[in-house]
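What you see is a predicted model; the values in this text were computed from it and never measured.
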Amino acid sequence: MIAASEQVFKQGAMQGIGFMFSSGDSGDDVASTGLKQTDYPASDPYITAVGGTSTAIAADGSLQFQTGWGTNKYSLSADGKSWEPLGFLYGAGGGFSTLFNRPSYQDGVVPSGAPAGRAVPDIALDGDPTTGMLVGETQTFPTGVLYDEYRIGGTSLAAPLMAGMQALAVEKAGGRLGFANPRIYQMQKAGGRGLTDVTRTHAGDGNVRPDYVNRTDPADGIVYSVREFGEDASLTTGPGWDDVTGVGTPNADNFAAAAGR
């Protein structure tokens, strides 16, 4: 499977076609698999691996803060007086591949003392379900077929957001970007123009979330939890490239200008 996929990804890179894959939603994968590892195909050197952020947007549309997406969960105690820790829930995938060597475009950006494998992710966008996208669809409920809206996230949100950003950048700047990784790392080496470095973890900050017990309506009551920001298993967010957000997030118009060069 990997060998066949590799041929497709290489051909795409030669023909100016970009592939973007989610870096994963289980952090370093230890909690889900017992092994610290990166996800494939995000770890392929011919893929743009898209990590996740928690992105706080104010009511007026302005950006309040960004942090690497990683969530520890706390449940409200039975007496309603304290929060009980439930541990790591989910977060952006990342780390260093043991299958693929470090590609040359990452040289000088990924810290020199890091493990030798291909570093994941390359870039990031909003992936936290708490700060993610509101979607609506018609669903079947016990009372009938009704329209419903709910929150959604994951790096499966971040990757198509990045594809859209890249498409807009190409449209605005002209030309063709295709396989974006060499250009993304050139931006970082040139001082980060077109990118926003995600440096703050916001560890300790969180969002109180109410959920229906029966997942449909309040008939059986509501449970409350806290979803903490910036706690991604053993992965950490910091200045420069990091294993949660890569080189950071694309910065709208400046990204388009830098990508078009």
Flag if over 12 foreign heavy atoms under 6.0 Å of [atom1], [X]:
| X | atom1 | result |
| --- | --- | --- |
| Glu137 | CD | yes |
| Gln11 | CD | no |
| Tyr46 | OH | no |

Would you tell me whether [X] and [Y] have side-chain atoms, one donor and one acceptor, within less than 3.5 Å of each other?
| X | Y | value |
| --- | --- | --- |
| Ser82 | Ser77 | yes |
| Thr131 | Asp126 | yes |
| Asp107 | Ser104 | no |

Residues that Ala58 engages under side chain to side chain contact (heavy atoms under 4.5 Å, CB included), provided they are two or more places apart: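 Scan of Ala58 (side chain to side chain contact (heavy atoms under 4.5 Å, CB included), adjacent residues dropped) gives Asp60, Ser62, Gln64.
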Least distance between heavy atoms, Thr38 atom then Ser97 atom: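 In terms of heavy atoms, the two residues are closest at OG1-CA, 3.6 Å.
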Specify the closest pair of heavy atoms between Lys189 and Tyr105, including all atoms of both residues, with the distance to one decimal.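 Where Lys189 meets Tyr105 most closely, the heavy atoms are NZ-O, 3.7 Å.
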Which hydrophobic side chains are connected to Val226, either touching it within the sub-4.5 Å cutoff or through other members that do?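 Besides Val226, the cluster holds Tyr74, Leu76, Trp83, Val208, Tyr212, Ile222, Tyr224.
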Describe, in one word, how the ring planes of Trp69 and Tyr90 are oriented to each other, choosing from parallel (under 30°), tilted (30 to 60°) and perpendicular (over 60°).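 Rings of Trp69 and Tyr90: tilted, 30 to 60°.
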Listing request: all salt bridge (charged side-chain N to carboxylate O under 4.0 Å, His left out) pairs with a residue in residues 34-54, at least two apart in sequence or in separate chains.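 Output for this query is empty, none listed.
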Contact between Ile2 and Phe100 at the side-chain level, heavy atoms closer than 4.5 Å - yes or no?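 Heavy-atom side-chain distance check passes, below 4.5 Å.
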Below 4.5 Å, heavy atoms only, C-beta onward: do Ile123 and Met162 meet side chain to side chain?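 Result yes, sub-4.5 Å side-chain heavy-atom pair found.
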Check this for me, if you would: do Arg227 and Asp211 make a salt bridge, where the nitrogen-to-carboxylate-oxygen distance has to be below 4.0 angstrom?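 Salt bridge between Arg227 and Asp211, a charged N being under 4.0 Å from a carboxylate O: yes.
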